[in-house]
Amino acid sequence: MQNQRLRIALQKSGKLSEGCFELLNKCSFKLRSSKNHYLIQSKELNTSFYLIRDDDIPGFVDSDASDIGIVGENGYFEYILENPNHNLEVITKLGFAHCRLSIAVPEEGTIKSINDLHGKTIATSYPESLRDFLAKHNVEAKILVMHGSVELAPKIAIADAICDLVSTGATLKENALVELEVIFESEAVLIANKNVDTEIRSRIDELVFRLQSVIDARDSKYIMLHIDKAQISKLQEILPGCESPTVLHLHGNDEKVAVHVVCKEGIFWDTITKLKSIGASSILVLPIEKMMA
Ligand code: PRT
Ligand code: ZN
């Protein structure tokens, strides 16, 4: 019996929400982004989804307003540094919303190393993560907290440097800034309140199993091809990370076999070219929807 609802906090709209909805919908939830919906009830695993701002998710889970949540590691780190007595734990990384928290400085400026930041002003939306980094590197600098448009701070001369999230680097480039130091890399993570009861814990385990099956399948391909028996070991060299291949007899052909493999690495055109160079033919590369261990 699933009496209690599993409560999940997600970002309502932004850089995390699309990836969250896509991943959860592949786990049989039917979530849709909607302007006016802050609560979605689902029969699947008896869940309630709370759609809120990403900044509120760690506090929501910590205070038991929600059992679990999906947030960027950057938001999680910032929260636990600010709240050392928190009740949070990271359950699993989710492989999307990749970015990095970096210190960046004006391209043509005089700051060329971390030590040059002594006595300077750094603008950021992540003061705790920056404070922690500066302390570890014995740098004393002033932190200016901004909640948006951080990249403009050096241009309008209210800061000498910034500490902000970077993904492609295009925003830094547009503002004539260069990365000086990466503080940490970040991706979306599933966080939980450590004190959930056993019924909720088992439901979280079921959800994590589903999420992991989708994540594992995402970059895996099912490959079918024909090849000379003698070339099977070379085939495994070309497709690293492939499970033990299934080798099937081909009717009326004693030299060639059909090989089926699951390959965990991306299959690109140059891999196909290498497969052809060892005599592989009839190559089929298929996507995998879910992979259960
Ligand atoms: O409204 P709400 O508070 O929920 O959303 P928000 O506007 O505060 O957050 P949002 O949606 O911008 O980001 C949510 C989370 O997505 C972040 O906490 C990160 O974990 C993750 N993420 C991944 C990013 C980026 N990539 C990203 N590129 N968050 C922000 N950016 C911004 C960055 O701040 C900078 O302004 O994009 C710009 C840089 O991008 P590039 O590609 O030009 O380098
Ligand atoms: Zn936010």
Side-chain angles (χ1 to χ4, degrees), residues 8-24 31-40 49-62 65-66 68-83 86 88 90-107 122-130 132-133 143-156 158-159 161-191 211 215 218:
I8 310 180
L10 303 179
Q11 187 190 30
K12 183 167 167 52
S13 161
K15 292 202 162 66
L16 285 164
S17 56
E18 201 179 308
C20 287
F21 284 24
E22 190 188 325
L23 185 58
L24 287 160
L31 304 175
R32 270 186 307 116
S33 172
S34 155
K35 246 187 175 171
N36 303 319
H37 283 136
Y38 294 89
L39 173 68
I40 301 175
F49 291 93
Y50 300 128
L51 304 182
I52 58 179
R53 289 196 64 182
D54 70 333
D55 316 63
D56 296 332
I57 293 173
F60 231 65
V61 179
D62 193 18
S66 175
I68 54 178
I70 296 180
V71 69
E73 279 174 301
N74 53 294
Y76 170 74
F77 289 144
E78 187 68 16
Y79 183 87
I80 61 169
L81 286 170
E82 206 178 343
N83 300 277
H86 66 89
L88 299 178
V90 171
I91 303 275
T92 186
K93 296 191 181 216
L94 297 171
F96 66 90
H98 289 277
C99 58
R100 52 196 185 272
L101 184 69
S102 291
I103 297 180
V105 295
E107 268 168 7
I122 310 171
T124 189
S125 309
Y126 297 92
E128 299 303 329
S129 304
L130 176 59
D132 182 63
F133 174 83
I143 297 174
L144 174 70
V145 180
M146 290 177 71
H147 295 292
S149 306
V150 172
E151 64 280 358
L152 297 179
K155 208 179 271 180
I156 56 175
I158 56 169
I162 67 164
C163 166
D164 199 9
L165 296 173
V166 181
S167 175
T168 60
T171 305
L172 293 185
K173 213 161 182 211
E174 277 164 25
N175 290 282
L177 297 166
V178 281
E179 263 175 293
L180 183 72
E181 190 75 21
V182 176
I183 296 184
F184 55 70
E185 305 274 346
S186 173
E187 66 183 90
V189 284
L190 183 72
I191 58 168
L211 292 171
I215 293 166
R218 200 160 46 194

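Whatever order the structure lists ligands and atoms in, that order sets their numbers, starting from 1.
- Note: an N/O pair closer than 3.5 Å links Q11 and ligand 1 by distance alone.
- Residue contact check: V166 has heavy atoms under 4.0 Å from atoms 44 (O) of ligand 1.
- Of all atoms in ligand 1, listed by their number and element, those nearer than 4.0 Å to a heavy atom of G72 are 20 (O).
- Within the listing of ligand 1, atoms 38 (C), 39 (C), 40 (O), 41 (P), 43 (O) sit less than 4.0 angstrom from a heavy atom of T171.
- Per residue D55, closest N, O or S atom to the Zn ion (ligand 2): atom name OD1.
- Residue contacts with ligand 1: E73 is placed with no nitrogen or oxygen under 3.5 Å of a nitrogen or oxygen of the ligand (distance criterion only).
- Among the atoms of G169, some N or O lies under 3.5 angstrom from an N or O of ligand 1.
- Residue A170 has at least one heavy-atom neighbour below 4.0 Å for each of these atoms of ligand 1: 43 (O), 44 (O).
- Those atoms of ligand 1 that come under 4.0 Å of a heavy atom in G14, given as number and element, are 11 (O).
- Nearest to atom 34 (O) of ligand 1 by heavy atom, out of D56, D164, L10, is D164.
- Comparing heavy-atom distances from atom 20 (O) of ligand 1 across N74, L165, L172, L101 singles out N74 as nearest.
- Within the 4.5 Å cutoff, side-chain heavy atoms of L51 are placed close to those of F21.
- When only non-hydrogen protein atoms are considered, atom 22 (N) of ligand 1 lies nearest to C99 SG, 3.7 Å.
- Put simply, the side chain of N83 gets close to the backbone of Y79: a donor and an acceptor are under 3.5 Å apart.
- Residue-ligand proximity: G75 is placed with every non-hydrogen atom at 4.0 Å or more from ligand 1.
- The protein atom (non-hydrogen) at minimum distance from atom 28 (N) of ligand 1 is S167 CB, 3.3 Å.
- Looking only at distances, a side-chain donor or acceptor of T124 sits under 3.5 Å from a matching main-chain atom of Y126.
- Side chains of T171 and E151: a donor-acceptor N/O pair is absent below 3.5 angstrom, by distance only.
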